[in-house]
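Quick note on labels: first sequence line is chain A, next is B, and so on, each numbered from 1.
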Amino acid sequence: MLSINDLHFSFFTPAGEVRALNGVSLDVASGEVVGIVGESGSGKSVTASVITGLTQAPGRVKSGEVMFNEIDILSTGEKAMQKIRGGEISMIFQDPMTSLNPVFTIGNQLIEAILLHTDKNHKEARAHAIHMMSQVGIPNPEIRMKQYSHELSGGMRQRVMIAMALSCEPKLLIADEPTTALDVTVQAQILDLMKTLRSETDAAVILITHDLGIVADICDTVVVMYAGTVVERGTVDEIYDNTAHPYTRGLLDCLPRLDGDTDSPLEPIEGLPVDLLNMPPGCPFASRCKHTMNICLTTPSPEFELSESHTSRCWLHTASRKAEVRA
Amino acid sequence: MSLLTVSNLKKYFPVQGNMWNRKQVKAVDGIDLTIERGETLGLVGESGCGKSTVGRVILHLHEPTDGEIVYDGINVTSSSIKNLRNRMQIVFQDPYSSLNPRMTVGDVVGEPLDIQNTCQTRAERDERVLEQLLLVGLNTDHLTRYPHEFSGGQRQRISIARALAVKPEFIVCDEPVSALDVSIQAQVINTLIELQDRLSLTYLFIAHNLAVVRHISDRIGVMYLGKLVEVCEAKDLYLHPCHPYTQALLSAIPLPDPKAAKGSNRILLQGDVPSPIDPPSGCRFRTRCQKMKPVCAEEEPVLKEVAPGHICACHFCE
């Protein structure tokens, strides 16, 4: 349904070119939940903004292709994009505090979205808004409709955002860190809600997060990003059980576990994230990797296919062919 | 004797209301805790439960409304705190706003030394500053740079160096790693543990991430709406959580393991944390608790020992 092909995106700043995305490819099928994992600066949110056409200067797509249901997003004009955005593709942002307008009531904002993207009249739109609010578990939706965002708690606001995002029956829902600003017990409520809604609609979901626990909880497939490249992708089980890329391994190892051994020190990934202004010529992770070989420093690794659904960008997978590589 | 004893600590903040009708946020509402020399006490809870306020009140960054804080036999009051500041320090959550952007790293780390008049000569001060930077894994080159030239993890190291400058025994770590990426988080946690061993420090470690707190702490206190609901050994908390809130908190954490995620029976708490302006009568957790009985509304449960070293405030705890 959504396919991104070799996308390159850069911010052209006075200090130089910040290469945010360096050849990202991604496929999302209908009804699938794809998790994008990575640290800050890995390009996960930029990917989302390219899909929704919300990129801003000085950022620019250098090359690549984004196809959504046979529509080329990158060449679609702003007018047409406004129809798609909020309609067929909708988004939930990280901070429910700032993504709702404080001077309009909740109801006003929900109805506005429905009126813009469907041919319902005002009365129908209102009824639909109330229905959506009760569906996401907001008690007394009629009263809540008349309230402003500051009268709602963080969890309630995020529910409103989800109701708004789902109100026009999107085919693709992009959730950018939907629970990061929430407490764990409220996060559990929202994740539970997303799971139920998932089984009720057939919308595809792209879930952007840095929390490997959330990914294990609700995603089908996982894409791990580092410095604007997809370093590993696979089904949830493949990523967690047959971790292939050293970066993914590092991410999993450096988490303190609830059931883990507390006497031995954590295994951090040494070093600092790569500077996107001066990208190294080889693998971007080479400077922090435990298994760096000569080839890593000079040539970026191609994508190695480990199984039908599992790929990894690391020269280690040629270990059996190491001699060949050295020669 | 314990290094720090806190008894019946209360901190209310005035909000809203007028002359006749004053309202107060009861951020911390009667807390007792002790910290032994050399141990790490972890404090967990959701936002607004008062965990950061506890840390700040202990250091007298906020004046307590009521209660007593005794540090190494000395009663901590607004007049005695000045002499105690070189024994008690704090590391703040946000490494971006807690460092003055106009001061060089050398000055940031040296400032506590200047205030406390610890060093007689300039050379002695510079040597002491450098010593701290080396301790946290930074070097001489960094002395003359400004905070904006550093990444989040490095800035947090600068904050730690600043706290260590006056050679304190006790450090309050107020969410020191929650603003950092996971790979950097592990580096900073390891540094904190190493420093504790080397300098025999005592920590009060405040965080909302249970896995992090469990890793670094010897004992853990769980807070809910300004009250301690459970205190026990770090290992016990995960194995034998006693209070229904602790149980729910533990089960709400998504585990980075798809098999565990599928098999888990999550305890889902309904609703949100009630307002600390007007907390529920009796047990504060009763509005969201699954074990709620009429007695919970009438009588406030007190902390009682359920096992050696394990205290819990619930009517239904054996």
Side-chain angles (χ1 to χ4, degrees), chain A residues 37-42 137 139 152-156 179 181-189 191-192 209-219 222 235-241 247 250-263 265-273 275 288, chain B residues 44-49 150-154 177 179-191 193-194 208-218 234-235 237-239 245 248-262 264 266-273 275 288:
Chain A
V37 198
E39 294 178 274
S40 27
S42 61
L152 272 60
S153 66
M156 276 300 157
T179 57
L182 307 174
D183 280 316
V184 275
T185 57
V186 181
Q187 167 177 297
Q189 292 170 5
L191 291 179
D192 191 62
T209 177
H210 64 269
D211 189 326
L212 286 158
I214 297 177
V215 170
D217 203 15
I218 65 176
C219 293
V222 186
T235 63
V236 168
D237 292 329
E238 279 167 341
I239 295 283
Y240 288 83
D241 295 343
Y247 176 62
L251 271 187
L252 286 167
D253 284 346
C254 73
L255 288 178
R257 302 281 176 131
L258 269 179
D259 49 356
D261 170 22
T262 52
D263 297 331
L266 296 171
E267 286 181 42
I269 306 177
E270 296 300 339
L272 297 172
D275 182 3
R288 302 175 79 187
Chain B
V44 285
E46 294 178 281
S47 42
C49 71
F150 293 89
S151 66
Q154 284 175 317
V177 296
L180 308 176
D181 270 320
V182 277
S183 69
I184 307 299
Q185 192 174 325
Q187 294 177 2
V188 174
I189 294 173
N190 281 351
T191 306
I193 296 176
E194 249 173 61
H208 64 271
N209 185 330
L210 252 172
V212 169
V213 172
R214 179 178 172 275
H215 185 86
I216 198 167
S217 307
D218 299 304
K235 277 175 252 135
L237 190 78
Y238 178 70
L239 295 173
Y245 177 62
L249 203 57
L250 279 165
S251 88
I253 299 168
L255 296 174
D257 179 359
K259 286 188 195 71
K262 270 159 207 152
S264 72
R266 193 164 278 169
I267 307 170
L268 264 191
L269 290 183
Q270 297 304 314
D272 292 303
V273 182
S275 159
R288 301 170 82 194

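In this structure, chain A has heavy atoms under 4.5 Å from both the backbone and the side chain of B/Leu210. For A/Val184, the parts lying under 4.5 angstrom from a heavy atom of chain B are both the backbone and the side chain. Only the side chain of A/Asp241 has a heavy atom closer than 4.5 Å to any heavy atom of chain B. For chain B, the nearby part of A/Gln187 is the side chain; its heavy atoms alone come within less than 4.5 Å. Contacts of B/Ser47 with chain A are made by both backbone and side-chain atoms, with heavy-atom separations under 4.5 Å. Of the atoms belonging to B/Leu269, heavy atoms from both backbone and side chain fall under 4.5 Å from chain A. The parts of B/His215 that come within reach of chain A are both its backbone and its side chain, each placing non-hydrogen atoms under 4.5 angstrom from that chain. Contact annotation for A/Ile239: neither backbone nor side-chain heavy atoms come within less than 4.5 Å of a heavy atom of chain B. Residue contact with chain B, scored on non-hydrogen atoms closer than 4.5 Å, is absent for A/Pro139. With a 4.5 angstrom heavy-atom cutoff, A/Leu251 touches chain B only via side-chain atoms.
In this structure the side chain of B/Arg266 reaches within 4.5 angstrom of the side chain of B/Pro254, judged on heavy atoms. No side-chain heavy atom of B/Thr191 sits under 4.5 Å from any side-chain heavy atom of B/Glu194. Residues B/Gln187 and A/Cys254 form no side-chain contact, since every pair of their non-hydrogen atoms from C-beta on lies 4.5 Å or further apart. Side-chain atoms of B/Gln185 and A/Leu255, non-hydrogen and from C-beta on, never get closer than 4.5 Å to each other.
For B/Tyr238, there are no ring pair (Phe, Tyr, Trp, His ring centres under 6.0 Å) partners two or more places apart in sequence or in a different chain. Here B/Ser217 pairs with nothing under the side chain to side chain donor-acceptor pair (under 3.5 Å) rule; sequence neighbours left out.
Comparing A/Pro256, A/Gly154, A/Pro265, A/Ala188 by heavy-atom pairs within less than 4.5 Å of chain B, the highest count is held by A/Pro256. No other option in A/Gly250, A/Gly137, A/Gly271, A/Gly41 has as many heavy-atom pairs under 4.5 Å with chain B as A/Gly271.
Contact detail for B/Glu46 and A/Val186: the closest heavy-atom pair is OE2-N, 4.4 Å.
Using modelled atom types, no side-chain atom of A/Arg257 and backbone atom of B/Ala211 make a donor-acceptor pair closer than 3.5 Å.
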